[in-house]
Amino acid sequence: MNPAFATTEGTSDAPKLASLPIISIEPFLKPHAHGRLSAAAALHAACAEYGFFYLDISAFADPSEPEELTRLAREFFALPQAEKDKISIAKEDNARGYQRLKENVTNGKADNHEAIDLYRPVEVPDKSKPLWGENQWPAIPGFREKYERWIGKMKELGMIIMEAMATGLGLTPEEWTDLRSKIDDSFWVMRIIGSFLYADPTPGALQVFLDHPGLLVEKKGAVPPEQEVEEGGQWINADPIPGCIVCNIGEMWEVWSNGLYKSTLHRVVHRGSNYRIPFFFEPNFDARIEPLPTARRMQEEDRALRKLRGPEKTYEPVVYGDFLLRKVGSNFDTGKGRYDAE
């Protein structure tokens with residue numbers, strides 16, 4: 001039985017979800033390791049069912065590393081405003097650097113956090129061009145060195161997860177080689193987020209929306225009753241688990257999988273003070289993203305089994321750099337259904 005599920009005696013035959021799936025990265029750290037295929041299958045199921053999962057990285061990273069990054073973030077955000085403004089995004093390309101409280105906008109609303117945004121360095125920086133400036137670093141001793149070391153680790157982890165997902169989806173070696181060529185120079189993004197208003201790592205801080213009307217979610221009291229259920233689904237907490245990170249499917253994987261994997265709606269509930277350091281492993285800037293043949297084959301086989309007629313919806317191709325420029329140009333307000341077929 002999937003450890004994320006619990007039985008429900010005497011109430012319903014429907015599965016009851018106790019937490020998002022937990023998948024260990026360990027089988028993917030060595031070629032031909034025991035449990036690799038079963039873990040890849042579990043990863044595929046998590047991506048297809050929820051678009052969110054916990055990744056146990058205790059075999060990959062020392063917990064003291066993110067703890068030290070958090071300490072450095074706390075030190076920066078505690079500085080006087082004038083000190084933080086020395087690396088304002090206004091001094092570069094209006095993307096790289098520090099943003100004040102409510103300077104970012106998501107879905108038309110000002111974000112209740114301040115942050116430092118970092119992107120993959122470019123060969124010939126030009127801050128007059130969007131995204132083409134240079135990363136700005138606090139003057140705190142050890143800050144840049146330790147964060148750059150972590151970025152290197154996250155890039156390595158991103159490639160490991162991508163190969164695991166390719167295995168779970170059933171890509172051929174040739175298809176994986178082609179996909180790898182679109183991510184081997186990832187235009188990664190990392191955000192260092194913090195504020196007295198930003199979500200803390202207490203139960204209920206991060207919540208994921210599951211559009212499974214027949215699924216029962218085990219409630220632990222952290223989601224307000226009036227917010228538990230919405231039309232078409234309900235919210236589930238993604239509470240912190242020691243040694244794990246929370247991963248979610250991005251919009252590019254939704255295109256690659258032709259909608260088999262969904263970029264799942266999620267939200268942060270503001271409960272106290274803390275710091276977040278999300279890393280976004282993205283395609284190469286000039287990569288053309290389009291549905292993978294394997295994903296299309298899986299969908300066609302499924303439709304044949306269910307005797308469905310009519311054409312399958314196909315996601316339109318997109319160049320990742322174009323997508324990112326539009327996203328940053330609108331202050332991270334990405335909208336909804338941007339790449340759905342007409």
Side-chain angles (χ1 to χ4, degrees), residues 1-5 19-66 120 148-188 190 241-250 252-258 260-262 264 278-284 287 289-302 320:
M1 177 181 289
N2 188 321
F5 285 92
S19 73
L20 294 171
I22 303 172
I23 300 165
S24 174
I25 195 65
E26 189 168 9
F28 306 113
L29 298 181
K30 295 180 181 178
H32 313 297
H34 176 71
R36 192 180 180 94
L37 291 179
S38 60
L43 183 59
H44 167 69
C47 293
E49 285 293 317
Y50 308 113
F52 259 86
F53 56 90
Y54 289 102
L55 189 69
D56 184 345
I57 63 168
S58 54
F60 178 78
D62 189 323
S64 65
E65 293 181 83
R120 173 198 175 277
E148 286 187 329
R149 187 183 304 130
W150 184 253
I151 288 168
K153 271 199 165 179
M154 291 299 98
K155 288 166 60 181
E156 180 185 355
L157 181 62
M159 189 63 78
I160 292 170
I161 297 173
M162 287 291 295
E163 184 173 6
M165 292 175 70
T167 301
L169 192 58
L171 268 65
T172 66
E174 294 75 20
E175 289 171 335
W176 163 238
T177 298
D178 181 64
L179 178 60
R180 195 182 193 284
S181 71
K182 300 180 187 299
I183 58 172
D184 57 5
D185 191 20
S186 168
F187 204 87
W188 55 265
M190 187 168 77
I241 296 178
C244 294
I245 58 175
V246 180
C247 300
N248 69 286
I249 296 299
M252 297 302 98
W253 254 115
E254 186 168 337
V255 176
W256 271 323
S257 68
N258 200 43
L260 185 62
Y261 299 165
K262 293 290 188 181
T264 305
F279 184 87
F280 303 85
F281 186 82
E282 304 288 4
N284 302 349
I289 312 302
E290 56 191 331
L292 295 166
T294 296
R296 298 293 308 279
R297 287 196 298 269
M298 291 180 69
Q299 291 171 323
E300 289 168 3
E301 290 170 3
D302 178 65
Y320 175 67

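All values below come from the heavy atoms of this structure, side chains included, with hydrogens, waters and symmetry mates left out. Counting from 1, the numbers follow the sequence of the chain as shown.
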Sub-4.5 Å side-chain heavy-atom contact between [X] and [Y]:
| X | Y | value |
| --- | --- | --- |
| Leu20 | Phe53 | no |
| Leu292 | Glu175 | no |
| Cys244 | Leu55 | no |
| Met165 | Leu43 | yes |
| Leu157 | Phe279 | no |
| Met154 | Phe281 | no |
| Thr167 | Phe28 | no |

### Query
Does the side chain of Thr177 pick up a donor-acceptor pair with the side chain of Arg180 at under 3.5 Å?
no
### Query
Do Lys153 and Glu65 sit within salt-bridge range, that is, some charged N less than 4.0 Å from a carboxylate O?
yes
### Query
Taking everything shown except Glu26 itself, do over 12 heavy atoms lie less than 6.0 Å from its CD?
no
### Message
Heavy-atom count check: over 12 atoms from other residues, nucleotides or ligands less than 6.0 Å from Leu37 CG?
### Response
no
### Message
Name the residue from Trp188, Trp256, Trp253 that meets the side-chain contact (heavy atoms from CB on, under 4.5 Å) definition with Pro283.
### Response
Trp256
### Message
With a 3.5 Å distance limit and no angle check, can you tell me whether Asn284 reaches the backbone of Asp185 through a side-chain donor-acceptor pair?
### Response
yes
### Task
Without swapping roles, check the side chain of Ser186 against the backbone of Ile183 for a donor-acceptor pair under 3.5 Å.
no
